[in-house]
Each structure stands twice: as C-alpha cells, then as structure tokens.
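Chain identifiers are assigned alphabetically (A, B, ...) following the order of the sequence lines, protein sequences preceding nucleic acid strands; residue numbering begins at 1 within each chain.
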Protein chains: 2
Amino acid sequence: MSPEPAATTGAVPRVTLADVAAHAGVSASTASLAFSGSGPVSDATKERVLAAADELGYAGPDPRARSLRRGRSGIVGVVLEERVRAAFLDPVKIQTLDGLAEGIASLGAGLLLFTDSGDPAAPVSLDTAPVDAVVLIGCSPKFFRQVEALQRRGIPMVAIEGAPGGDIPEITIDNREATRLGAEHLRSLGHEDVATVTLPFEASRARGPLTPEIESAATVDTAVERLRGARDVYPGIRAQVAAASSIEEGLEAGRALLADAATRPTAVIAQSDLLAAGVIGAAEELGLEVPRDLSVVGFDGIRVDGLQHDLTTLVQPSVAKGRAAGEAVVRMLSGQAAAGTDFTSELHVGETTAPPRA
Amino acid sequence: MSPEPAATTGAVPRVTLADVAAHAGVSASTASLAFSGSGPVSDATKERVLAAADELGYAGPDPRARSLRRGRSGIVGVVLEERVRAAFLDPVKIQTLDGLAEGIASLGAGLLLFTDSGDPAAPVSLDTAPVDAVVLIGCSPKFFRQVEALQRRGIPMVAIEGAPGGDIPEITIDNREATRLGAEHLRSLGHEDVATVTLPFEASRARGPLTPEIESAATVDTAVERLRGARDVYPGIRAQVAAASSIEEGLEAGRALLADAATRPTAVIAQSDLLAAGVIGAAEELGLEVPRDLSVVGFDGIRVDGLQHDLTTLVQPSVAKGRAAGEAVVRMLSGQAAAGTDFTSELHVGETTAPPRA
DNA sequence: CTGAAAGCGCTTACAG
DNA sequence: CTGAAAGCGCTTACAG
C-alpha cells in the first residue's frame with residue numbers, strides 16, 4: 001500500500017470575477033471595468049472591487065477567458081525547427097530572437113517557442129496554440145500545411161530566412177552580394193588561390209569536400225547563396241562543407257584545407273564567424289600566421305567569445321532582422337499591410353586579411 | 001495624401017465550428033467530437049464534418065475557446081529575467097531549457113519565454129498570460145508578487161536555481177560540495193597556492209578582485225556557494241570576480257591573476273568552464289603551459305567550442321535539471337505533489353590539472 | 001458612473 | 001452513435 005501523495009496542487013478554489021463583483025456589491029461589468037481600467041468607474045467603486053478581490057484572493061481576470069473574449073492572446077509564436085540547444089548554438093539566431101523580443105515589445109506579448117522537443121510522439125502543433133501571430137526562423141517548407149492552416153485562421157506570419165511557403169513576408173539578407181564583397185576584397189589584395197568553408201547544405205549535415213551531389217540536394221539557401229557569391233569572383237573555388245556552424249567544425253575544415261602545404265590556399269572565405277575562428281585555429285596549429293600566411297574572411301559580424309583577432313567579416317544586421325520581423329507583426333496585428341525586408345551586410349575589414357606572401 | 005495600405009490582413013471571414021456543423025448537417029457537439037476524436041462518432045459522419053470544414057476553410061477549433069472551456073492552454077511559461085541574448089550566452093541555461101522542453105514533451109505544450117525585452121514600458125506580465133504552469137530559471141525575489149498571484153490562481157510553479165519566494169519546489173545542484181571536490185583534487189596533487197575566478201556576485205556585475213563589500217552585497221547564490229566550497233579547502237583563497245561567464249572574462253581575470261610571476265598561483269579554480277577556457281588562454285599568452293605550469297579546474301561540464309584541452313571540471317547535470325523541472329510540472333498538472341531535487345555534480349579529471357612544478 | 005444582456009467558440013455531461 | 005443545453009470567465013456595446 002503506497003501512501004497518498006502528501007499534497008496535491010491546483011486545489012485552490014476558483015474565484016471568478018462574478019464572485020468578486022457579488023462580494024463588492026456591484027455588477028460583473030463594473031468589476032471588469034475596475035480591473036481593466038478601460039471605462040469610467042468611480043474611485044470609490046474601484047477600491048471596493050479591489051478590496052473584495054483581495055479578500056477573496058482573486059488574482060485578476062483569467063487570461064484564457066479574456067483572450068477568447070478579446071480575440072487576442074498576447075502571444076507570438078516563434079518556430080525554430082530544431083532542438084533548443086541546436087538553435088541556440090547559433091549566435092545569429094539568438095540575436096535575431098533578441099531583436100524580435102524588442103520588436104514586439106509594444107505588444108506586451110510573450111514569445112512562444114516551437115522547437116523540436118526530441119519526442120516525436122509529442123509535437124506541439126503550431127495550429128492548436130493560441131497565438132496572435134507567428135514568426136518562422138530559418139524554416140523549411142515542411143511547415144507548409146500548418147502555415148496554411150494559420151493563414152486560413154487569419155494569423156499574421158513573417159518568415160526570417162527560410163521558405164515556409166505561402167505568400168508570407170520574408171526578412172532576408174544579401175548573402176550572395178555580401179560574400180561577393182568579401183571575395184572581391186581578397187582579390188583586390190591579390191589572392192588567386194582561395195578556398196571556402198561552407199555551412200551545411202542540408203539537414204543531414206554531411207562533412208567534407210563539396211560534391212555535385214551535395215550541391216544538388218541543397219535545402220539551405222544561405223549556404224548556396226554564399227557559395228554563389230564566392231564563385232562570382234572565384235568561379236572554380238574549392239569548397240569544404242562543415243557539418244555545423246561552430247569553431248570545432250571550422251577547425252576540422254581548416255585542417256582539411258591547410259594540411260597539405262602544396263595545395264594550401266592563401267585565403268579562406270568562411271561562411272560564418274565561428275567557422276572562421278576555427279580556420280584561424282587550424283592555421284595556428286600548423287604554425288601559420290594570420291594574416292601573414294593566410295587571410296581569413298568570416299560572415300556574421302558577431303563577437304566570437306575568446307577570439308583574439310579582429311576578424312575581417314561581413315557584418316549582417318542580426319538584431320535588426322528580428323526587430324523588423326517583430327515590427328511587421330505589430331503592423332499586421334493592427335490591420336496594416338506589411339512587406340518583407342531585404343537587409344544589406346557590410347564588409348568589416350579587420351586584421352585577418354592581407355596580401356598573400358610574395 | 002498618403003495612399004491606403006495595399007492590403008490588410010486578418011480580413012479572413014471567421015468560420016466557426018457551428019458553421020461547419022450546420023454545413024455538414026450535424027450538431028455542434030458532433031462536429032466537436034469529429035475534431036477531437038474523443039468520443040464515438042461514425043466514420044461517415046466524421047468524414048462529412050471534415051469535408052464541410054474543408055469546404056468552408058475551417059482550420060480546426062479555436063485554441064482560445066478550447067483553452068477556456070478545457071481550463072488548459074497547453075503553454076508552460078519560462079521566466080529568465082534577462083534579455084534573450086544574455087540568457088542564451090550561458091550554455092548551461094540553454095541545456096537546461098532543452099531538458100525542460102524534453103521534460104514537458106508529453107504535455108505537447110509550448111514554452112512561453114518571459115525575458116526582458118529591453119523596453120521597460122512593456123513588461124510582459126507573467127500573470128496575464130494563459131499559462132498552465134511556470135518554470136523560473138535563476139530568478140531573483142523580484143518576482144515575488146507575480147509568483148504569489150500565480151499561486152493564488154493555482155498555477156503550478158518550479159524554480160531552477162533562484163529564490164523566487166513562496167514555497168515553490170526548487171531544482172538545485174551541490175555548488176559548494178562540488179567545488180570542494182575540485183579543490184580537494186588540487187590539494188591532493190600538492191597545490192598550496194590556489195586562486196579562484198568567480199561568477200558575478202550581483203546583477204551590476206563588477207569586475208576585479210573580490211572585496212568584502214562585493215561579497216556582502218551578493219545576490220547570486222551560485223557564486224557564493226562555489227566560493228564557499230573553494231574556501232572549505234583553501235580558506236584564504238585569492239578571488240578574482242568576473243563580470244560574466246565567458247571566455248573573454250576568463251581571459252581578463254586570468255591575466256590579472258597570472259601576470260605577476262611573483263604572486264602567480266599554481267592552480268586556478270574557475271567557477272565555469274567558459275571562465276576556465278579564458279584562464280587557459282591567459283596562461284598560454286604568458287607562455288605558460290597547462291597543466292605543467294598551471295592547473296585549471298572549471299565548472300559545468302559543457303563542451304567549450306574550440307577549446308582543445310580536456311578540461312578538469314565539475315560536471316553538472318544541466319539537461320537533467322531542466323528535465324526534472326519539466327517532469328515536476330507534468331506531475332503537478334496531473335494533480336500529484338512534486339518536490340524539488342538536489343542534483344549532484346561529478347568531478348571529471350581531464351588534462352588540465354597536474355602536480356605543481358617542484 | 002453603473003447594470004442587464006449577449007456572446008466570444010468551444011466542450012462536456014446528460015439524454016435519447 | 002447523435003443532439004439540446006449549459007457553461008468555461010470574461011468584456012463590450014447598449015441603456016439608463
């Protein structure tokens with residue numbers, strides 16, 4: 001015989017606005033007004049209602065009822081399509097999320113995270129959650145069905161880099177043009193033999209030299225566009241695919257690219273700052289000095305924690321992207337139209353690029 | 001005269017379950033059953049309802065109405081008390097959040113993030129959000145009022161390392177004992193002259209040598225407890241306070257501690273792995289070799305991206321903490337009692353500790 | 001400034 | 001297996 005649980009929660013007696021009104025001797029309408037402050041109530045009445053609430057232990061209007069009645073829940077959904085720990089390994093995503101929080105601040109709304117929980121049997125379905133709007137970050141078309149359902153329900157949506165389908169406003173950046181800028185910078189320094197380390201081309205995240213097969217199976221636009229930008233300047237550029245955006249992966253790719261002195265490029269275009277930091281690490285392991293022996297260009301413009309170099313990189317407006325998405329959502333919720341935005345990245349010339357050794 | 005907006009959103013005509021039912025020629029109850037699948041409906045009827053829904057463009061029951069009626073919203077609130085970018089700089093927090101997502105997976109609930117949006121005028125108030133439960137991560141007592149309101153409403157709460165007030169189950173780890181273990185390891189190797197790099201002691205995040213003033217104004221238990229653990233073994237230990245848990249801060253603190261060869265300790269106890277990585281970097285800058293010239297102990301047991309050393313550290317169960325919180329929430333929501341958990345960390349002896357040079 | 005009434009859209013006992 | 005009725009707890013025109 002096992003003992004009964006010591007105590008159960010949720011046994012709090014439900015007090016409703018009606019109870020409070022009755023206790024205060026006013027109508028429910030008046031009590032409601034006293035709480036919302038959105039109507040004319042005499043101070044005396046208001047105080048009486050608040051006192052009654054206090055006596056009964058009433059904690060304010062039930063958000064569920066309020067949201068049904070008002071048609072708004074005060075919640076904005078954010079879809080990430082990865083596990084929390086994977087999504088937040090990417091500093092750009094974190095900054096974007098931060099900007100988003102800022103962009104919707106005026107709504108006083110919370111951010112409801114939709115991620116892969118690791119339990120395939122328990123998917124939180126986007127379309128049974130009480131959201132006022134949804135922002136998709138880096139999502140694949142696999143959400144098409146749910147996206148469609150949300151659109152039918154009139155829920156405003158915005159996508160940040162991804163192709164969720166539907167006619168959803170998109171927030172994008174100039175991946176190709178920006179990378180081309182970085183490549184041109186290298187060419188203007190005199191580099192002829194340049195290699196690139198790319199982001200994964202698809203979810204399976206193969207690692208190694210880029211093959212036509214990998215390229216034709218690509219689902220990640222960012223990697224493809226940045227590669228195009230590099231090819232605009234160096235058409236036959238050698239490419240090494242990383243399995244993720246991390247220093248560790250950059251190290252591995254860097255080793256693969258730099259190990260053989262005979263085939264060693266004089267410069268590397270990394271598709272992210274983390275990858276660039278790894279490439280620099282690999283160079284240092286081999287006794288190479290950056291930028292004297294190897295030039296390295298990154299992408300993102302984040303501060304890589306612990307990296308001592310001032311990295312030459314394409315600075316993308318990560319926070320602004322999120323904020324723009326948030327502002328678009330706010331606009332749509334107020335009944336206005338909202339369009340996407342295509343942001344521009346800037347070349348920051350730091351101290352990791354220089355002319356090649358003669 | 002400015003032009004009208006091109007198009008407004010939200011103009012979708014609202015289709016309700018009643019419309020669908022009418023269209024299918026059944027009652028609302030039956031239509032409801034057809035969607036929820038929780039009652040006996042003939043296949044023929046079900047199909048008719050679904051077909052009607054399709055024709056009318058009905059995307060399924062409105063989550064707001066459903067949550068009012070059912071008394072559950074399917075949302076678990078997570079309070080972080082920082083900006084998104086600050087909170088997610090900490091790998092331990094990310095892992096904890098990941099574990100939490102896992103722990104509540106069976107609920108099929110989403111995680112509603114409450115963070116500082118940067119806009120003080122627009123605080124998302126915890127107590128007007130439709131949450132079924134709330135998990136506080138590293139929160140200060142400043143939430144006491146809201147916490148109380150939630151308790152009055154019978155909303156289950158769990159705290160992970162923090163002192164939100166109230167009689168909320170807490171998930172904690174053995175900060176003091178674990179650090180003591182690390183210190184004992186150093187002592188057993190023969191170290192006499194040991195210093196420590198601590199986490200911030202309060203929100204203002206002063207940086208520099210630890211003073212009695214800083215210590216007495218401490219609000220962050222973690223830093224205090226880990227310091228105590230170090231003092232259990234090295235009572236007069238010299239302490240340098242970092243302004244955050246990062247490699248960069250570890251570098252700074254490391255430089256301060258190691259620059260002067262005359263006062264240089266033979267070992268450093270860092271209160272986080274990121275700080276430890278920074279201390280190692282500082283040592284290497286000075287031409288010191290780890291562990292030959294300096295032993296370094298970390299805390300957390302995360303993989304520091306790009307760190308080449310196998311760090312000696314106290315491995316805390318970050319993911320398990322989150323999962324435990326999630327499971328406690330699930331239990332409470334099913335009406336059972338839930339207690340807190342105090343987790344134990346383990347000493348991992350890597351390759352960054354060795355006997356001091358003779 | 002206050003109250004009576006309707007209704008937000010759904011689900012759930014309860015009959016049949 | 002299906003339907004009629006009540007009600008989740010609130011807010012909002014509408015009268016007064």
Side-chain angles (χ1 to χ4, degrees), chain A residues 10 12-49 52-53 56-74 127-132 152-155, chain B residues 10 12-49 52-53 56-74 127-132 152-155:
Chain A
V12 180
R14 279 248 163 288
V15 183
T16 70
L17 186 59
D19 301 330
V20 173
H23 197 72
V26 298
S27 71
S29 344
T30 301
S32 174
L33 261 26
F35 278 102
S36 71
S38 62
V41 190
S42 74
D43 284 350
T45 307
K46 191 168 187 171
E47 264 169 44
R48 204 139 40 85
V49 172
L56 299 181
Y58 180 70
D62 184 320
R64 286 176 294 248
R66 188 210 291 263
S67 78
L68 172 58
R69 181 61 231 230
R70 288 215 174 141
R72 285 285 167 85
S73 65
D127 46 42
T128 61
V131 291
D132 292 341
R152 273 212 295 264
R153 201 179 274 144
I155 307 271
Chain B
V12 180
R14 279 246 164 289
V15 183
T16 71
L17 187 59
D19 300 331
V20 174
H23 195 74
V26 299
S27 71
S29 344
T30 302
S32 174
L33 259 27
F35 278 101
S36 71
S38 62
V41 189
S42 73
D43 283 350
T45 308
K46 191 167 186 171
E47 264 170 45
R48 205 141 37 88
V49 171
L56 299 181
Y58 179 70
D62 184 320
R64 286 178 293 249
R66 186 210 292 262
S67 77
L68 172 58
R69 181 58 232 232
R70 288 216 175 140
R72 285 285 167 86
S73 65
D127 45 42
T128 61
V131 292
D132 291 342
R152 274 212 294 264
R153 201 178 273 142
I155 306 271

Classify the nucleic acid contact of [X] as base, sugar-phosphate or nothing, counting any heavy atom under 4.0 Å across all strands shown.
X	answer
B:T16	sugar-phosphate
A:S42	sugar-phosphate
A:T45	sugar-phosphate
A:Y58	sugar-phosphate
B:P40	base

Report the base-pairing partner of D:dG3 (Watson-Crick or G-U wobble, both distances below 3.5 angstrom), or none.
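Because both required distances fall under 3.5 Å, D:dG3 counts as paired with C:dC14.
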Spatial distance of atom CZ (B:R14) from atom CG (B:D19) [nearest 0.5 Å]
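Separation between the atoms: 11.5 Å.
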Which is more 5' along DNA chain D, the nucleotide nearest A:T30 or the one nearest B:R48? Just name the residue.
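So the residue in question is B:R48.
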Of A:L33 and B:A28, the one whose closest nucleotide on DNA chain D sits nearer the 5' end is B:A28
Side chains of [X] and [Y] in contact at under 4.5 Å (non-hydrogen atoms):
X	Y	result
B:R66	B:S32	no
B:S36	B:R70	yes
B:V26	B:K46	no

Looking only at non-hydrogen atoms, find the nearest pair between A:A24 and A:A52 and report the distance.
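Where A:A24 meets A:A52 most closely, the heavy atoms are CB-CB, 3.8 Å.
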Taking any atom closer than 4.0 angstrom to a non-hydrogen atom of chain B, what span of DNA chain D does the protein reach, first nucleotide to last?
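On DNA chain D, the outermost contacted nucleotides are D:dC1 to D:dG9.
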B:A18 vs A:G25, nearer the 5' end of DNA chain C by closest nucleotide
A:G25
Contact list for DNA chain D against residues 63-70 of chain B - heavy-atom distance below 4.0 Å
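Contacts with DNA chain D under 4.0 Å: B:L68, B:R69.
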For the backbone of [Y] and the side chain of [X], can you confirm whether one donor and one acceptor N or O come within less than 3.5 Å of each other?
X	Y	answer
A:R64	B:G71	yes
B:S73	B:P130	yes
A:R72	A:S67	no

Begin with the C-alpha distance, continue with both residues' side-chain angles, and end with the deciding distance and a verdict on side-chain contact (heavy atoms from CB on, under 4.5 Å) for A:V20 and A:H23.
CA-CA 5 Å; A:V20 173; A:H23 197 72; 5.6 Å; no
